[in-house]
Amino acid sequence: MVQDARQRTKVWLETYLRNSQLTKDNGSRQASFIVAFDEPDYPIIKVFKTKGVDLIFSIGTPNSTPIVSGDQVVRRYEEHVPFEWSCINKVGIAGTKLRWKATAEVRYVGENYPTGSQRVVIDERPNDKNLGSTPLFSQKATMIYKRDTT
Amino acid sequence: MDPAYWGTMRWGYFRWGSFRDDWDSILAVFEDVASRDVTRRKLVLGDTRDSTTGWYPKSFTEDTVEGILIPKTSSHLALKAGTYVRTDGLLLTAAGFDEGDEVKDAVGNYWEIKAVREVRNGNSFSHRECDLTFLPLHELV
């Protein structure tokens with residue numbers, strides 16, 4: 001079975017994100033982060049409150065476009081995978097600072113590991129939300145990559 | 001410790017710990033409601049994340065707590081407590097609830113907690129108002 005584009009993106013991020021760069025405010029203690037599919041069936045705030053997670057990279061459902069060759073056969077797919085990274089203010093963590101560290105790290109991964117599937121990260125933009133009791137500092141982007149049919 | 005816990009430990013007219021006069025006055029308003037107990041289902045996230053989705057496994061711990069569940073169709077009841085029903089239903093309770101927790105009512109329907117607001121009289125805790133979403137397909141998931 002063809003692998004889910006979200007799964008490929010999750011593995012790509014988990015492989016290349018550098019723990020050493022995603023740190024708390026003091027710059028030495030590492031922030032805890034996870035990479036997961038978007039829209040879990042529980043509130044995201046529960047993860048921040050009960051699982052000791054400081055930063056979440058979440059991957060949305062992609063749009064896909066078939067790429068048809070001259071002989072009218074689908075040879076590849078272009079996947080547009082939305083993903084975002086989110087954090088909140090915690091003791092020792094200013095959410096807005098950690099969000100920027102994560103943004104810089106996503107750029108680093110996009111700039112340095114585009115090969116394999118010719119990945120490009122585009123359309124990076126802020127996506128802050130108010131969760132009522134706390135602001136959610138969030139940034140989102142779309143990753144484009146081409147894959148073959150297998 | 002939740003004040004409601006101590007409030008329920010009574011010996012006759014004597015009560016242990018903190019008092020719940022504000023909450024008791026709310027309960028008194030609903031004296032004629034058939035059931036003033038609901039099943040609280042506290043959401044617990046497990047430790048081992050799914051290898052594909054990265055999600056935490058969900059489970060629930062159940063206990064019975066005092067609470068008045070008012071469906072949207074019975075909004076007039078909420079007015080008696082000086083509030084209104086914003087979503088599918090409203091739960092008035094002194095027990096602790098968080099977003100994502102569930103409630104099972106006396107007839108076996110399931111509801112999900114979408115928001116929790118504490119009601120206070122001055123500095124004194126009275127009760128919580130929880131916005132609920134009805135889960136008609138709960139048995140399937």
Side-chain angles (χ1 to χ4, degrees), chain A residues 1-17 19 22 32-62 79 81-88 102 106 129-136 143, chain B residues 2 40-63 83-84 86-91 95-104 110-120 125 127-141:
Chain A
M1 187 170 62
V2 178
Q3 197 175 36
D4 191 331
R6 292 175 297 174
Q7 168 78 349
R8 291 172 69 130
T9 304
K10 176 171 170 281
V11 171
W12 181 67
L13 286 171
E14 286 175 334
T15 303
Y16 295 118
L17 288 172
N19 294 346
L22 297 171
S32 167
F33 71 89
I34 61 169
V35 184
F37 286 13
D38 204 358
E39 296 182 8
D41 55 350
Y42 45 77
I44 191 172
I45 196 69
K46 191 87 178 174
V47 177
F48 288 121
K49 280 174 68 177
T50 66
K51 305 309 291 181
V53 171
D54 304 317
L55 174 66
I56 301 173
F57 293 87
S58 54
I59 302 161
T61 307
E79 310 273 17
V81 187
F83 67 112
E84 67 181 274
W85 45 102
S86 310
C87 54
I88 61 174
V106 168
K129 294 168 190 159
N130 188 346
L131 297 183
S133 56
T134 181
L136 181 75
M143 192 190 66
Chain B
D2 195 310
R40 172 172 60 181
R41 290 165 48 81
K42 292 291 286 182
L43 172 64
V44 180
L45 300 182
D47 292 327
T48 308
R49 295 192 296 132
D50 184 272
S51 60
T52 301
T53 63
W55 294 352
Y56 292 97
K58 277 171 61 173
S59 62
F60 293 91
T61 58
E62 289 191 357
D63 61 353
T83 186
Y84 62 100
R86 293 170 168 81
T87 54
D88 292 346
L90 178 74
L91 178 70
F97 278 94
D98 292 309
E99 286 175 43
D101 293 346
E102 290 182 359
V103 177
K104 189 167 89 172
Y110 288 84
W111 308 73
E112 182 178 341
I113 306 284
K114 288 297 183 186
V116 181
R117 292 178 298 280
E118 278 197 3
V119 178
R120 291 180 169 273
F125 171 80
H127 62 284
R128 295 182 176 88
E129 292 182 3
C130 305
D131 290 337
L132 304 175
T133 299
F134 184 52
L135 303 174
L137 302 178
H138 187 274
E139 298 303 327
L140 300 180
V141 294

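Since we're looking at a predicted model, the values are computed, not measured. Letters A, B, ... mirror the listed sequences (proteins, then strands); counts begin at 1.
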Between chain B and chain A, identify all donor-acceptor pairs below 3.5 angstrom, including backbone and side-chain atoms.
unit_1, atom_1, unit_2, atom_2, d
L43(B), O, K46(A), NZ, 3.1
L45(B), O, K51(A), NZ, 3.1
G46(B), O, K51(A), NZ, 2.9
D47(B), OD1, K51(A), NZ, 3.0
R49(B), NH1, V35(A), O, 3.2
S51(B), O, K10(A), NZ, 3.0
T53(B), O, F37(A), N, 2.7
W55(B), NE1, F37(A), O, 2.9
Y56(B), N, Y42(A), OH, 2.9
K58(B), NZ, D41(A), O, 2.8

Here the pair of heavy atoms bringing A95(B) nearest to R40(B) is CB-NH1, 3.7 Å

Where P82(A) and P62(A) come nearest, the two heavy atoms and their spacing:
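Distance-wise, the nearest heavy atoms are CD-CA, 3.9 Å.
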
Under a 4.5 Å cut-off applied to non-hydrogen side-chain atoms, are I113(B) and L132(B) in contact?
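In contact.
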
Got a sec: does the OH of Y84(B) have more than 12 other heavy atoms crowding it under 6.0 Å?
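No.
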
Kindly compute the distance separating CG (L90(B)) from SG (C130(B)), expressed to the nearest 0.5 Å.
7.5 Å

L17(A) CG to F57(A) CZ distance, which is reported to the nearest 0.5 Å:
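One gets 4.5 Å once the value is rounded to the nearest 0.5 Å.
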
